[in-house]
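Read through the structure below, which is laid out as structure tokens, and then see the notes.
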Amino acid sequence: MDAKAYSAGLAELRKRRDKIKQLERDLSTLRTERDKQIAALGAYEKAKADRLATSAGLSVIDVVALVPLLGPQAPASGPAAAPSTDSAADDHSAVQGATEAIKEPAGTSAPDLRTPSPGSEVPRGHDEHQEPTVDEPAPAAAELTAEPPAPAPSPVATAAPTAAVPESDVRVLPSIPEGTQGDRWFRAEPNLTSMRPNFKQSVRQMAFLDTSTGVLVWQGGQVRLDLGRAGVAEILDAVYATVSPSIERIYITAGDPWHQNADRHEFLKDAVADWLNGPLPEGWSVESSRGKDHQAGHLVHPRNPVGRWQRGKDQHTEIRSVGEWFDPEGADPEVVRLAFVELWRALHEHWNDVVLMGSPSQTGRDLWSRTIPEKAGAKWADGFPVMSQEIRGLLHATAGQGRTELISPPRMPAQVPGWFEWDRTFAYAKHCWTSGVGVPRRMTAAAFAALPEKEQANALYAPSHWQVRVTIPDGWKHVGLLPAPAPGERAWHYPHEAGRTFTTWAGGAELNVALRNPLMPWRIEILDGLVWEKGDALKGWSTKLKDAWAHLQRWSTSHADERMRHAYRLASRAVRSILLYGIGTFAQRPRITTGSLELGTGGEVPEIPEGAQLTGITDTHATWQRHGGFARDPFAHPEWAAGVWSAARAALLSTHQSVVLDRDEQTGKVKVGRGVPAGALHLPAGSILAFRTDAIYSTVRPDWPYSGQPGDYLLKGAMDWEQKTPTNDQEFFDLQGLGRQALEAESM
């Protein structure tokens, strides 16, 4: 190529750029007009969200976000909704819902929590979701360099919110209706309770297959198979020519066969769907439906799909990715199988009836259900009530998960002096000590203002979820503390600009950090809230999982056989997944049902189910998904998931690193106390590069001791020389990998 051709190419590129910009403007206009039309049609008294969704090519949740009145409006009492017969997909993704849009009401300022009022229940550490330690006095007011909060305004009752259609580029969080209409939300769903099961789960025999090498391992032995191109038909033929039909679950440990044609598809999910819907051996078909603990059809997930098939009426099988449980780190199928064996043994020490189910989320929920009190007369022995559909919908829309934030230029300089990754060990296990139980009580601005100051503090220390107006103090130079809805997408961001005011929802643990952080208190006005009774619904479950995790962790470093050390390490990570995804199942997001239909002989797309959205087309099949709203799930407790997530986000900002006071060398049990403060707010302003759920990335390396206890910060990556500040996810992950390699080399 010469200079002339290069210049001509640039001119052509500019023309394409201008065409693309025009198309993008046209697309934006069309979307705006579509949303306005949806809002207009939604005003029709007989309008239905699923019909609008199908016509617009959107999900039901998207339509409800535009027309809140089409969302769930369950009556205060009446017959329970009939259970759905649709099969729910495993919980792999989250979507946000909406009910009524916020109208800015007057609020009541929260009290100064830096100096607890006499009689108030001061939390252990910075949140009431943190397990108590031996030595943990509350920080004295003199320890905090903070300015006094602004005086509280006169208490004013919360104004009635009005439903509104949000602008296309703004996500408006829902609020609770005023008066008796909102008060009716505060009830339990009739005849829906989390109860201890009176049966044992059926055991499913497992096999472990590396599709890149063909090695298959099961309880009866090990062979190497010829899998050809590792399509579904080839795997089913080869595996069941070798093992008994009693094997009902095949875990893929390596090879990811569902990605083999990824280069032929624009999206990874399309490649997965293409593989799942490939030709089947004679006599096999996609599984239809069977017992209560089975889910029919495939789950089309880009990384960890689930395929379900049956031969005749009696033989059933699943092909799943072991990545649901842990990253195998190159382990061969035999080591992976050993990891599952040791996982079962560690859990069996605490649950005599433990059965490893298909996914860690299913296993976690089942194990939790077997910790519900069963002794007659014990509190909650009759089960934990499920909140009303309205409260669950509100929590689903206003309680985010882990904090994910990349802080790049211009907030950060183009070059930074270093890169350090601090990751919290088994973090969520630290925040299951206290949970909200029962039906919450409503705390309006007027009700909060009427409380004595010590009772206001107790309400903020209790398991709770608050609608608040937040003002960031003048002079604030550090990271944001509270989540706010991000414009234009179903995500969250963290406002940090001094003097800014915004309205949001946040958990009590995060409000505690905002009000009593080590720098200066933020101004918080209470607009509305939900306050639960303190309970220990997750305590027994999480304690048993922590004990199993600690046992596996000890053997992962002390066993004489290197392969067994690897197996124990993988098993300990599986315990982490059981707790992590088990908590996620309590959130009970709206059900997403997926399915596929074979194309017509001429390639015609068949009619998809009403209310479904077409998600992909291959040469032979069309795939669809349908958002089914909230099921009558007896294990739906989003209040527990929201509380853990809030406490974990708060601990990213400020917590205390554990210190081992005593250790029993025979049992490995340790006695710990509270050590040095840790978290982003204990690092210099301007030093934070990113947050990723349980991890902080900074430009400095603090001296935080590590005791190996759940919740402790562990240094996982370190480069103490100048780095280019990451500006996108790819650059971030590149630095993450380099930092971990550098720390590993440093420790050699």
Side-chain angles (χ1 to χ4, degrees), residues 204-265 268-287 297-341 356 358-359 563 566-567 570 596 598 618-621:
R204 312 295 174 194
Q205 297 298 320
M206 296 179 281
F208 301 88
L209 175 65
D210 182 336
T211 59
S212 60
T213 64
V215 173
L216 175 73
V217 176
W218 75 106
Q219 188 176 14
Q222 175 175 326
V223 297
R224 186 180 296 271
L225 305 177
D226 180 4
L227 298 176
R229 288 184 49 81
V232 173
E234 292 157 313
I235 291 175
L236 293 176
D237 274 340
V239 168
Y240 287 106
T242 307
V243 304
S244 164
S246 62
I247 298 290
E248 295 189 62
R249 195 170 290 145
I250 303 169
Y251 281 110
I252 305 299
T253 65
D256 295 345
W258 37 80
H259 292 163
Q260 59 187 232
N261 292 323
D263 56 344
R264 293 170 46 194
H265 299 274
L268 205 55
K269 285 185 71 171
D270 291 340
V272 172
D274 193 11
W275 185 86
L276 288 170
N277 292 310
L280 294 174
E282 184 178 355
W284 286 89
S285 62
V286 176
E287 187 175 60
H298 305 318
L299 171 65
V300 183
H301 187 270
R303 294 177 304 279
N304 298 316
V306 181
R308 303 181 177 99
W309 297 272
Q310 65 185 70
R311 180 160 57 180
K313 293 183 178 180
D314 299 324
Q315 184 178 353
H316 302 263
T317 193
E318 291 182 332
I319 296 180
R320 312 183 72 115
S321 169
V322 79
E324 292 183 87
W325 293 85
F326 47 71
D327 177 0
E329 300 176 328
D332 60 54
E334 176 61 26
V335 170
V336 173
R337 179 182 175 275
L338 288 172
F340 274 81
V341 170
L356 296 182
S359 69
R563 287 170 60 81
H566 195 177
L570 296 180
S596 63
E598 192 170 358
T618 68
D619 294 339
T620 59
H621 287 75

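Remark: the backbone N or O of P333 is not paired with any side-chain donor or acceptor of Y251 at under 3.5 angstrom. A donor-acceptor pair under 3.5 Å is absent between the side-chain atoms of N261 and the main chain of R264, judged by distance alone. One N or O on the side chain of D226 and one on the backbone of G228 form a donor-acceptor pair closer than 3.5 Å. Panel note: side chain H301, backbone N304; a donor-acceptor pair is recorded below 3.5 Å.
Among pairs with a residue in residues 327-338, those fulfilling salt bridge (charged side-chain N to carboxylate O under 4.0 Å, His left out) read E329-R569, E329-R573, D332-R563, at least two apart in sequence or across chains.
One finds the CH2 atom of W325 at 8.5 Å from the CZ atom of R320 (value rounded to the nearest 0.5 Å). With rounding to the nearest 0.5 angstrom, the CG atom of D274 is 8.5 Å from the CD atom of Q260. Atom CG of residue L225 and atom CD of residue E234 lie 11.5 Å apart, to the nearest 0.5 angstrom. With rounding to the nearest 0.5 Å, the separation of CD in E287 from OG1 in T317 is 9.0 Å. Residue L216 holds its CG atom at 8.5 Å from CD of Q222, rounded to the nearest 0.5 Å.
Across L227 and G214, no two heavy atoms sit closer than the pair CD1-CA, 4.0 Å. Residue T253 comes nearest to P328 through the heavy atom pair O-CG, 3.4 Å, listed as atom of the first residue, atom of the second, then distance. Minimum interatomic distance between E324 and S359 (heavy atoms only, all atoms of both residues): OE1-CB, 3.5 Å. The minimum heavy-atom distance between P302 and L268, with the atom names listed, is O-CD2, 3.6 Å. Contact record, P257 with A230: CB-O, 3.5 Å, taken as the closest heavy-atom pair. Closest non-hydrogen pair, I247 versus M206, comes out as CD1-O, 3.7 Å.
W258 places a side-chain heavy atom less than 4.5 Å from the side chain of I252. Within the 4.5 Å cutoff, the side chain of W218 has no heavy atoms near those of the I250 side chain.
Partners of F326 according to the ring-ring contact (aromatic ring centres under 6.0 Å, His included) rule, which considers only residues two or more places apart in sequence or in another chain, are F340. Q315 is linked by a side-chain hydrogen bond (donor to acceptor under 3.5 Å, both in side chains) to R311, counting only residues two or more places apart in sequence or in another chain.
Using cut-offs of 30° and 60° for the angle between ring planes, the H298 and W309 rings count as tilted.
Few gaps surround CG on D263; more than 12 heavy atoms of other groups in view lie less than 6.0 Å from it.
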- R308 and V286: side-chain contact (heavy atoms from CB on, under 4.5 Å), yes or no, with the steps? CA-CA 6 Å; R308 303 181 177 99; V286 176; 5.9 Å; no
- Item | side-chain contact (heavy atoms from CB on, under 4.5 Å) evaluation trace for Q205 with E248 | CA-CA 6 Å; Q205 297 298 320; E248 295 189 62; 5.9 Å; no
